[in-house]
Novice: 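Just dropping this structure here.
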Amino acid sequence: MIKHSVLLVDDDEKLVQLLKTYFEKDGFLTYAAYDGLQAIQLVKGKKPSIVVLDIMLPEIDGWEVCRQIRKDNEVPIIMLTARDEESDRLIGLEIGADDYVTKPFSPKEVVARAKVVLRRMNMTLLQKIPLQIGNISIDFERHQVSKDGEIIELTATEFKILALLVTNAGRIFTRLQIVEQMQGNSFEGYDRTIDVHIKNLRRKIEDNPREPRYILTVYGVGYKFAED
């Protein structure tokens, strides 16, 4: 199932075809443009999930294409350039680019960067609105969780673990991975303390903590939030 679409913009047709192959292998629907004007038209017409944009283009360069797109569109943009200069990176960021890849590059790297940018964008969008899952409501901006309309008191660490699992529903996290995600947030403890936090979360949000509906154990691996 195709999850995202990408617009590849470069006057090097062989490079576009190479990137196209790698993106399609990863489930992307792909569009191609070989000059700036065509790129602007395709962004408006096809509304891609992300744009991979070369700086050196005929007619109008990638900088101007980025500026034109940004006038009325927040689609993520990854800039491609043959030069590795800090000034180029700063210009790209100032006019609204989301990431920057220097040629020569691995096509796998470009696909990976695109997925990271999309994940980051989706996370930002998700956290702007309250999320309703069954009888649980999560307000990320207010750091507030309620069950059946009643506010549940969570510790800061419990909320962070819940947010991590919810925003990556279906993905399995080991205890160590959860600990690593908490680093930088003054998280103290070792991986087995995660079991205690999970137990407390289940007690607070699950109807039956012994038969959890939301926070599931993947035996021998770790924990995940139910996809459904």
Side-chain angles (χ1 to χ4, degrees), residues 1-131 139-141 163 166-169 171:
M1 182 176 66
I2 294 173
K3 296 181 180 179
H4 294 293
S5 58
V6 57
L7 171 60
L8 305 170
V9 188
D10 199 303
D11 60 344
D12 184 338
E13 294 189 21
K14 290 184 179 180
L15 178 59
V16 169
Q17 289 303 312
L18 179 62
L19 289 172
K20 184 175 184 289
T21 298
Y22 277 84
F23 272 99
E24 289 180 346
K25 283 182 179 178
D26 221 282
F28 282 75
L29 176 63
T30 60
Y31 305 107
Y34 303 102
D35 63 61
L37 294 175
Q38 185 183 18
I40 294 169
Q41 293 172 352
L42 283 173
V43 168
K44 293 179 179 178
K46 299 298 184 180
K47 296 180 172 57
S49 305
I50 191 166
V51 177
V52 177
L53 174 64
D54 187 33
I55 293 176
M56 302 302 293
L57 293 171
E59 304 298 334
I60 57 176
D61 63 25
W63 302 131
E64 184 58 28
V65 173
C66 186
R67 290 188 186 94
Q68 292 294 325
I69 291 174
R70 277 290 172 264
K71 286 181 177 180
D72 56 10
N73 199 310
E74 293 301 317
V75 61
I77 298 173
I78 296 178
M79 305 293 294
L80 302 179
T81 179
R83 299 186 302 174
D84 186 14
E85 294 185 6
E86 184 179 6
S87 59
D88 282 353
R89 294 175 184 271
L90 292 175
I91 292 172
L93 294 174
E94 286 174 358
I95 64 176
D98 296 272
D99 202 355
Y100 196 101
V101 180
T102 304
K103 297 178 182 179
F105 50 73
S106 161
K108 289 183 179 180
E109 178 191 359
V110 179
V111 175
R113 293 279 196 96
K115 291 166 70 174
V116 168
V117 170
L118 285 168
R119 192 179 305 123
R120 186 168 65 231
M121 181 193 71
N122 290 339
M123 187 84 69
T124 300
L125 291 175
L126 178 62
Q127 294 185 357
K128 286 183 177 180
I129 58 174
L131 181 64
D139 189 325
F140 294 96
E141 288 193 323
V166 166
T167 53
N168 293 276
R171 176 182 169 184

Novice: Please find the pair of heavy atoms, one from V75 and one from S49, that lie closest to each other, and give the distance.
Specialist: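 Result for this residue pair: CG2-O, 3.5 Å.
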
Novice: Taking Y100's backbone N and O only, do any of them form a donor-acceptor pair with R113's side chain (distance below 3.5 Å, no angle check)?
Specialist: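 Yes; judged by distance alone, with no hydrogens or angles, the pair exists.
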
Novice: Take W63 and M79 through the side chain to side chain contact (heavy atoms under 4.5 Å, CB included) test and state the conclusion after the steps.
Specialist: CA-CA 9 Å; W63 302 131; M79 305 293 294; 3.9 Å; yes

Novice: Rounded to the nearest 0.5 Å, what separation is found between the CZ atom of F105 and the CG atom of L19?
Specialist: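 Answer for the CZ-CG pair, F105 versus L19, is 5.0 Å.
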
Novice: Determine, step by step, whether K115 and D26 satisfy the side chain to side chain contact (heavy atoms under 4.5 Å, CB included) criterion, reporting the C-alpha distance in whole Å, the side-chain angles of both residues, the deciding distance to 0.1 Å, and the verdict.
Specialist: CA-CA 10 Å; K115 291 166 70 174; D26 221 282; 3.1 Å; yes

Novice: Rounded to the nearest 0.5 Å, what separation is found between the OH atom of Y31 and the CG atom of L8?
Specialist: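 Between Y31 OH and L8 CG, I get 11.5 Å after rounding to 0.5 Å.
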
Novice: Say you draw a straight line from CG of D61 to CE of M56; how long is it, rounded to the nearest 0.5 Å?
Specialist: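 Between atom CG of D61 and atom CE of M56 there are 7.5 Å.
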
Novice: Check for a donor-acceptor pair, side chain of D98 on one end and backbone N or O of I77 on the other, with a separation under 3.5 Å.
Specialist: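 Flag set: sc D98 to bb I77 pair under 3.5 Å.
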
Novice: If I compare all heavy atoms of P58 with all of D11, which pair ends up nearest, and what's the gap?
Specialist: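 Heavy atoms of P58 and D11 come nearest at CD-CB, 3.7 Å.
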
Novice: Considering non-hydrogen atoms only, spot the tightest contact between A39 and V65 and give its length.
Specialist: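 A39 and V65 have their closest heavy atoms at CB-CG1, 4.2 Å.
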
Novice: In terms of side-chain heavy atoms, does E64 have a donor or acceptor partner in Q68 at a distance below 3.5 Å?
Specialist: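 Result is yes, a qualifying pair exists.
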
Novice: Any side-chain heavy atom of V43 within less than 4.5 Å of one from V51?
Specialist: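 Yes, their side chains come closer than 4.5 Å.
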
Novice: Partners of E59 by salt bridge (Lys or Arg N to Asp or Glu O under 4.0 Å), sequence neighbours excluded?
Specialist: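 Counting only residues at least two positions away or on another chain, E59 forms no salt bridge (Lys or Arg N to Asp or Glu O under 4.0 Å).
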
Novice: Rounded to the nearest 0.5 Å, what's the gap from CD1 on I78 to CD1 on I50? Could you check?
Specialist: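 Nearest 0.5 Å value for the CD1-CD1 distance: 4.0 Å.
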
Novice: Tell me, do D54 and V9 make a side-chain contact under 4.5 Å, heavy atoms counted?
Specialist: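 Of all side-chain heavy-atom pairs linking V9 with D54, none is under 4.5 Å.
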
Novice: Starting at CG of L42, measure out to CG of L37 and round the result to the nearest 0.5 Å.
Specialist: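 So the CG of L42 and the CG of L37 are separated by 11.0 Å.
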
Novice: Using only atom types and a distance under 3.5 Å, with no angle test, would you say the side chain of T30 pairs donor to acceptor with the backbone of V6?
Specialist: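 Flag not set: sc T30 to bb V6 has no pair under 3.5 Å.
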
Novice: Give me the atom names and distance for the closest heavy-atom approach of A97 to C66.
Specialist: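 Residues A97 and C66, closest heavy atoms: N-SG, 4.0 Å.
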
Novice: Side chain to side chain contact (heavy atoms under 4.5 Å, CB included), that's the test. Do K46 and L7 meet it? Break it down for me.
Specialist: CA-CA 9 Å; K46 299 298 184 180; L7 171 60; over 6 Å; no

Novice: Output yes when K44 and D72 qualify as a salt bridge under the 4.0 Å nitrogen-oxygen rule, no when they do not.
Specialist: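 Salt bridge flag = no for D72 with K44.
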
Novice: What closest approach, in Å, do P48 and S5 show between heavy atoms, and which atom pair accounts for it?
Specialist: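 For P48 and S5, the tightest heavy-atom pair comes out as CA-OG, 3.2 Å.
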
Novice: Please test I60 against I40 for side chain to side chain contact (heavy atoms under 4.5 Å, CB included), starting from the C-alpha separation and ending with a verdict.
Specialist: CA-CA 10 Å; I60 57 176; I40 294 169; 3.7 Å; yes

Novice: Please identify each residue that fulfils salt bridge (Lys or Arg N to Asp or Glu O under 4.0 Å) with D12, with sequence neighbours left out.
Specialist: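 Listed in chain order: nothing, the list is empty.
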
Novice: Mind checking the CG-NZ spacing from L15 to K103? Nearest 0.5 Å is all I need.
Specialist: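 Between atom CG of L15 and atom NZ of K103 there are 5.5 Å.
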
Novice: Is there a donor-acceptor contact under 3.5 Å from the side chain of R67 to the main chain of G62?
Specialist: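 Not at all, since once roles are kept as given, no pair shorter than 3.5 Å links the two residues.
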
